[in-house]
Undergrad: 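The following block contains the structure, expressed as structure tokens.
Just the heavy atoms: all of them, side chains too, but no hydrogens, waters or symmetry mates, feed the values below.
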Amino acid sequence: MKITILVPTLGIRKKQIDRLLRSLNAQVYKNFEVIFVSQCNHDYLEKKITDFPDMEIKHIKLYELGLSKARNAGLKIARGDIVVLSDDDCWYPKDALNKIVNIFKADASAKIVLTQIFDKEKHCPYKAYPHRKQYINNRFMLLSKSSIEIAFKKDEVKQAEFDEKFGLGSIFVCGEEIDFLIKNFERNKYIYVPTITVYHSQKLKNSNKEQIIAKGALYAKNFNIVVSIMVLIKDLLLKKECNFKSFFEGYIKFEKIR
């Protein structure tokens, strides 16, 4: 199985890009390609790639912003059987790709594999994860997933592209990976395995207004109004967050442009 590691980047995180490339160069599993989609600082990335002549690296220069646009551009030229979604500021343990391939080999029916992120700097899991391997049997189990936890069989998912209305640089600043998982959902085709395949520093947990607006848009696209209200009540009771105004701003905005 060949793997495509898909990396959208603005090309400004120079130390992180170097760290990412070094971690990929050290992989035990060697049958992979890396696709960088740069949206500025193209020349820096072009030069940096030459430091790793033994890796198969492709570089797309995109002259417009949008995380989902970048991913879709990379997917068009991807030649891997499996696509791993990456960020330019994450990096990988040396057995990461080997783990991913072995999970797919062990379960031929799996179309999407979800694994764990680990904060190497704080020496703790990126988030609270289930401790046992499990099949994803409903869409609500997908709502807390992150893009760099995702690996998928490119030719077997129903819609191997991202909605360009979602993601950094788009109308709605996040939610593109959740939308991707939901629209391709098939019971017993998604498998979660409690193993670490990627490193990333933890982000701030508090959601800002733009993220709540994007959440509202995501729910407008994928769920009904009753589910949306229940989620808002849950956030109010458990998290003490009153997100109704921003959430419905996004909900209504999406309905207008649907």
Side-chain angles (χ1 to χ4, degrees), residues 1-9 11 13 16-38 45-62 67 70-118 120 133 135 145-162 177 180-181 184 186 189-200:
M1 289 183 176
K2 184 169 187 171
I3 295 179
T4 295
I5 298 108
L6 181 54
V7 192
T9 182
R13 293 169 169 162
Q16 291 90 337
I17 290 171
D18 181 71
R19 179 179 63 185
L20 167 63
L21 283 166
R22 290 183 185 282
S23 74
L24 291 172
N25 197 44
Q27 289 298 301
V28 174
Y29 191 84
K30 298 296 184 183
N31 187 14
F32 68 90
E33 65 176 3
V34 184
I35 299 178
F36 279 100
V37 184
S38 61
L45 193 60
E46 192 76 21
K47 183 178 179 180
K48 171 54 64 176
I49 288 169
T50 64
D51 293 341
F52 298 88
D54 295 332
M55 279 198 291
E56 182 183 349
I57 304 177
K58 300 173 183 176
H59 180 202
I60 299 173
K61 298 176 183 179
L62 198 65
L67 176 58
R71 284 184 175 148
N72 287 341
L75 284 170
K76 288 178 181 177
I77 67 165
R79 295 293 176 264
D81 305 293
I82 299 166
V83 174
V84 171
L85 300 179
S86 183
D87 288 339
D88 61 3
D89 60 343
C90 70
W91 71 108
Y92 295 88
K94 64 182 181 180
D95 60 348
L97 301 186
N98 195 52
K99 283 182 177 179
I100 290 168
V101 167
N102 285 337
I103 293 168
F104 277 109
K105 285 183 176 179
D107 191 334
S109 66
K111 294 184 179 181
I112 293 183
V113 165
L114 302 161
T115 53
Q116 294 183 353
I117 310 166
F118 189 80
K120 185 78 167 176
K133 173 181 174 180
Y135 286 98
K145 300 303 179 184
S146 303
S147 60
I148 59 174
E149 298 169 4
I150 301 169
F152 63 93
K153 290 180 179 176
K154 180 175 179 288
D155 294 333
E156 294 190 28
V157 297
K158 294 179 290 186
Q159 299 180 59
E161 61 181 10
F162 290 83
E177 72 274 65
F180 176 85
L181 290 173
N184 285 296
E186 292 181 70
K189 300 295 183 181
Y190 286 29
I191 186 171
Y192 160 76
V193 179
T195 187
I196 296 164
T197 59
V198 61
Y199 299 136
H200 196 289

Undergrad: Below 4.5 Å, heavy atoms only, C-beta onward: do Ile57 and Leu21 meet side chain to side chain?
TA: yes
Undergrad: Quick one: pull up CD in Glu56 and CZ in Phe32 and give me the separation to the nearest 0.5 Å.
TA: 9.0 Å
Undergrad: Under 4.5 Å between any side-chain heavy atoms of Ile5 and Glu33, yes or no?
TA: no
Undergrad: Which residues pass the side-chain contact (heavy atoms from CB on, under 4.5 Å) test with Lys120, not counting sequence neighbours?
TA: Trp91, Tyr199
Undergrad: Is any side-chain heavy atom of Tyr92 less than 4.5 Å from a side-chain heavy atom of Leu20?
TA: yes
Undergrad: Output the distance between atom SG (Cys90) and atom CD (Gln16), rounded to the nearest 0.5 Å.
TA: 10.5 Å
Undergrad: To the nearest 0.5 Å, what is the distance between CD1 on Ile49 and CZ on Phe36?
TA: 6.0 Å
Undergrad: Has Asn184 got a side-chain atom pairing as donor or acceptor with Gln159's backbone, closer than 3.5 angstrom?
TA: yes
Undergrad: Do Ser38 and Lys61 pair up side chain to side chain, a donor and an acceptor below 3.5 Å, judged on atom types alone?
TA: no
Undergrad: For Gln116 and Tyr192, what are the C-alpha separation, side-chain angles and deciding distance, and is it a side-chain hydrogen bond (donor to acceptor under 3.5 Å, both in side chains)?
TA: CA-CA 9 Å; Gln116 294 183 353; Tyr192 160 76; 2.7 Å; yes
Undergrad: Check for a donor-acceptor pair, side chain of Asp81 on one end and backbone N or O of Lys2 on the other, with a separation under 3.5 Å.
TA: yes
Undergrad: Kindly compute the distance separating CZ (Arg79) from CD1 (Ile77), expressed to the nearest 0.5 Å.
TA: 7.5 Å
Undergrad: As an exercise, state the distance from CZ of Arg71 to NZ of Lys76, rounded to the nearest 0.5 Å.
TA: 15.5 Å
Undergrad: A side-chain contact here means heavy atoms from C-beta on lying under 4.5 Å apart; do Thr9 and Leu45 qualify?
TA: yes
Undergrad: Any heavy-atom pair between the side chains of Val198 and Glu149 that's under 4.5 Å?
TA: no
Undergrad: Do Ile35 and Thr4 come close enough that some side-chain heavy atom pair is under 4.5 Å?
TA: yes
Undergrad: Tell me every residue that passes ring-ring contact (aromatic ring centres under 6.0 Å, His included) with Phe180, counting only those two or more places apart in sequence or in another chain.
TA: Phe152, Phe162
Undergrad: Do Ile103 and Thr195 have side-chain heavy atoms sitting under 4.5 Å apart?
TA: yes
Undergrad: Does Asp89 offer a backbone N or O that forms a donor-acceptor pair with the side chain of Asp87 under 3.5 Å?
TA: no
Undergrad: Under 4.5 Å between any side-chain heavy atoms of Val101 and Ile3, yes or no?
TA: yes
Undergrad: Give a yes or no answer on whether the side chain of Asn31 reaches the backbone of Met1 with a donor-acceptor pair at less than 3.5 Å.
TA: yes
Undergrad: Can you tell me how far the OH atom of Tyr29 sits from the CD1 atom of Ile100, to the nearest 0.5 Å?
TA: 10.5 Å
Undergrad: Looking at Glu186, is its backbone amide N or carbonyl O close enough to the side chain of Lys158 to form a donor-acceptor pair, meaning the two atoms are under 3.5 Å apart?
TA: no
Undergrad: Check Lys145 with Glu177, please: is the shortest side-chain N to carboxylate O separation under 4.0 Å?
TA: no
